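These numbers were taken from a predicted model, which means no experiment stands behind them.
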Amino acid sequence: MASAAATPPVPKPSTSHRLNINVGVLGHIDSGKTALARALSTVGSTAAFDRAPQSRARGITLDLGFSCLCTELPPHLGTEPGELQLTLVDCPGHASLIRTIIGGAQIIDLMMLVIDVTKGMQTQSAECLVIGQIACQKMIVVLNKIDLIPESKRQAAVEKMSKKMQKTLENTRFHGCPIVATAAKPGGPEAPETVTPIGVSELIEVLKSEAYLPTRDPSGSFLMAVDHCFSIKGQGTVMTGTILSGCVSNGDNVEIPALKVTKKVKSMQMFHTPVNYAMQGDRVGICVTQFDPKLLERGLICTPESLQTIHAAIISLKKIPYFRGTLQTKAKFHITVGHETVMGRVMFFSPAPNDFTKEPLENDFDFGKEYLYQEEYLSKDSKSSEENKENDCTEERQLPKQQWALLEFEKPVTCPKLCLVIGSKLDTDIHANTCRLAFHGVLLQGMEDKSYAETCLPKLKVYKLKHKEGQVERLCDDYSVIGRSLFKKETNIQIFVGLKVKLSTGEEGLIEGGFGQSGKFKIRIPAKTTSSFKNSIEMEYAPNFPQDFLERIPGLQKIPGLHSFSLQWLVLL
């Protein structure tokens, strides 16, 4: 671990044979998630089972809850005796708390989608499914509240709902996932605590069979997502959360970027058990020297000076297919990075058309390449594709294998490179039956300079595709024509000399130079012109653009000499 402490990481003494897997409990409000977490758990944390007064008062989960189920390590996870610790992350189900749900989903390895068997998939069930597809690899569907169905009809109802769920998941990464029927608390919230849950023991066996060895790497910088913070009199301030990368030991120094302070780790606990060491994937409480816990409700702590605070970013992204409508450049979205959500404006861009079929560049961005500005994210349901359908264009539009966006945040964001980014329209009516999650991506480059528009954006070579149509005034001879209506009188035609044009009859030519003072120009036709010659030239020009035609995109600065490359003219038919 990269830490202020010079000593090597201390081996975990009490948890050497314990495998921790983080299991998200997600679903629509009132599907019984918290009751299920309680029925499964052997240990609860300080933030479990809606202990907050506000949650108890409203009767719903308002924040992330954490508890754990400890059981024997199944044989497929190791031959030696050991313990499997399933850390349950109980996420809220209310639509207005989607930010918290997204934050919780980013720390899970396995997901339980809890469905009220009497209602089936609901709006937030669907959004949780979308988040799960982005954030984790495996899922179990839990059909809860089967006690509400008369016993004589229960099996048939469960089978019917199971088939519906299998159909829903058919085209997702969770196709064929296990489906388990339960009643976490038969009789509902008012039933006595002594009531015996139905199907929970079967669910535990499925959880054990679905458990896998997630990637855990103690090397690299320490980074932890803090979800709760509180003080203990006489001891210090405790930050609880999940370690996203690296490891931490007692005595290490950790930075709290939001407060711009560094604190020393005094002690640590995992579900009330003292530990000296914790690593990626572990749920841990870290006690540091005293500070006001109200200053850090949520956030990140890390190895000192290992995180960036950025004002803008370049991300590689994909549209979420369930989002209705197009993703427009210059539109504002709610951008979620970790537990933080801020407003941000987007600008979409793609590779040059000739590079559409090239394989994506994973986890990196090449500032040396030229990119094509897009008015919208290119997809099958984008506006231009719809226009092709309306115009009876039978040829399927080619889409790039990778697309990017420039995000400009309304306030700075502290985050690691290559973190998950989710764009949403959270101002959409929560009662509308629609997916609010618009896109997800990976943060490739962050811009830390507040003046990034002047210092960083000029390195980003994004161009707009332009279309021009001119007229042929007359034929000079079999190999040259005079053209007009393409350039303005004051345009310096010299910078276009040698560039290709295409006549509407198919002949290709080169601009030889200007003709007179009115913007006319001479075109040389290497191949002899045909007798069916038409009086029009249709063309488009693409990167690189001369300064005269470069349209400034938001924040992009013109730098002398930056765009003084050769310009090739292309035809638009």
Side-chain angles (χ1 to χ4, degrees), residues 349-358 366-375 378 384 395 398 400 457-553 556-573:
F349 58 98
S350 71
N354 290 341
D355 293 335
F356 271 23
T357 57
K358 285 192 176 179
D366 189 352
F367 279 99
K369 288 189 175 181
E370 295 167 358
Y371 301 92
L372 188 60
Y373 172 90
Q374 299 292 353
E375 293 286 354
L378 300 178
S384 49
E395 187 177 344
Q398 189 179 41
L457 288 189
K459 300 174 189 174
L460 181 59
K461 301 172 186 175
V462 176
Y463 300 92
K464 283 187 176 180
L465 201 60
K466 291 298 206 172
H467 305 279
K468 281 280 185 177
E469 183 175 334
Q471 299 292 319
V472 173
E473 183 166 278
R474 69 174 188 272
L475 182 66
C476 292
D477 52 48
D478 287 345
Y479 296 95
S480 60
V481 297
I482 303 299
R484 61 178 173 83
S485 305
L486 194 62
F487 304 117
K488 293 180 180 178
K489 181 179 178 181
E490 60 272 17
T491 301
N492 178 13
I493 297 177
Q494 267 318 107
I495 62 176
F496 296 94
V497 170
L499 304 183
K500 293 180 182 179
V501 296
K502 193 168 185 179
L503 306 180
S504 55
T505 45
E507 295 95 336
E508 290 189 350
L510 299 172
I511 296 177
E512 275 195 338
F515 185 83
Q517 303 297 317
S518 59
K520 296 178 184 178
F521 55 98
K522 191 172 184 179
I523 302 171
R524 179 73 177 171
I525 312 291
K528 190 176 180 180
T529 57
T530 64
S531 56
S532 59
F533 185 77
K534 294 181 182 177
N535 287 344
S536 67
I537 309 166
E538 288 183 327
M539 57 192 72
E540 71 180 22
Y541 56 91
N544 294 302
F545 300 119
Q547 291 278 359
D548 287 15
F549 286 85
L550 178 67
E551 282 203 3
R552 183 179 181 277
I553 56 178
L556 184 61
Q557 302 296 303
K558 297 181 182 178
I559 292 186
L562 178 62
H563 307 291
S564 58
F565 304 104
S566 61
L567 170 64
Q568 184 175 10
W569 292 72
L570 308 171
V571 64
L572 178 68
L573 298 177

Trainee: For Lys522, check side-chain hydrogen bond (donor to acceptor under 3.5 Å, both in side chains) against everything at least two apart and list the hits.
Mentor: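 Listed in chain order: nothing, the list is empty.
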Trainee: For Pro400 versus Leu378, what's the shortest heavy-atom pair and its separation?
Mentor: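 The answer is CD-CD1, 3.8 Å.
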Trainee: Could you grab the distance from atom CD of Glu490 to atom OG of Ser518, nearest 0.5 Å is fine?
Mentor: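 One gets 11.5 Å once the value is rounded to the nearest 0.5 Å.
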Trainee: Please report the closest heavy-atom contact between Ile493 and Gly519, naming both atoms and the distance.
Mentor: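 Closest approach of Ile493 to Gly519, heavy atoms only: CD1-O, 3.8 Å.
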Trainee: Taking it one step at a time, do Tyr371 and Asp366 satisfy side-chain contact (heavy atoms from CB on, under 4.5 Å)?
Mentor: CA-CA 10 Å; Tyr371 301 92; Asp366 189 352; 3.8 Å; yes
Trainee: With rounding to the nearest 0.5 angstrom, report the SG to CZ distance, Cys476 to Phe515.
Mentor: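 Output value for this atom pair is 6.0 Å.
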Trainee: Quick check for you: to the nearest 0.5 Å, what is the distance between Tyr463 atom OH and Leu372 atom CG?
Mentor: 11.5 Å
Trainee: If you measure from CD on Gln494 to CD1 on Ile511, what distance do you get to the nearest 0.5 Å?
Mentor: 10.5 Å
Trainee: Are a donor atom and an acceptor atom from the side chains of Gln471 and Ser485 found within less than 3.5 Å of each other?
Mentor: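 No, Ser485 and Gln471 have no side-chain donor paired with an acceptor closer than 3.5 Å.
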Trainee: How would you list, by chain and number, every residue that makes a ring pair (Phe, Tyr, Trp, His ring centres under 6.0 Å) with Phe367, sequence neighbours excluded?
Mentor: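 Per chain and number, Phe367 pairs via ring pair (Phe, Tyr, Trp, His ring centres under 6.0 Å) with Phe365.
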Trainee: So, for Ile525 and Glu508, which heavy atoms are closest and what is the spacing to 0.1 Å?
Mentor: CG2-O, 3.9 Å
Trainee: Check Leu510 against Gly498 and note the closest heavy-atom contact, atom names and distance.
Mentor: CD2-O, 3.6 Å
Trainee: Does the separation of the ring centres of Phe496 and Phe487 fall below 6.0 angstrom?
Mentor: yes
Trainee: Work out which heavy atom in Lys489 is nearest to a heavy atom in Gln517; give both atom names and the distance.
Mentor: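 Closest approach of Lys489 to Gln517, heavy atoms only: CG-O, 3.3 Å.
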Trainee: Work out which heavy atom in Arg484 is nearest to a heavy atom in Glu473; give both atom names and the distance.
Mentor: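 Heavy atoms of Arg484 and Glu473 come nearest at CD-OE1, 3.3 Å.
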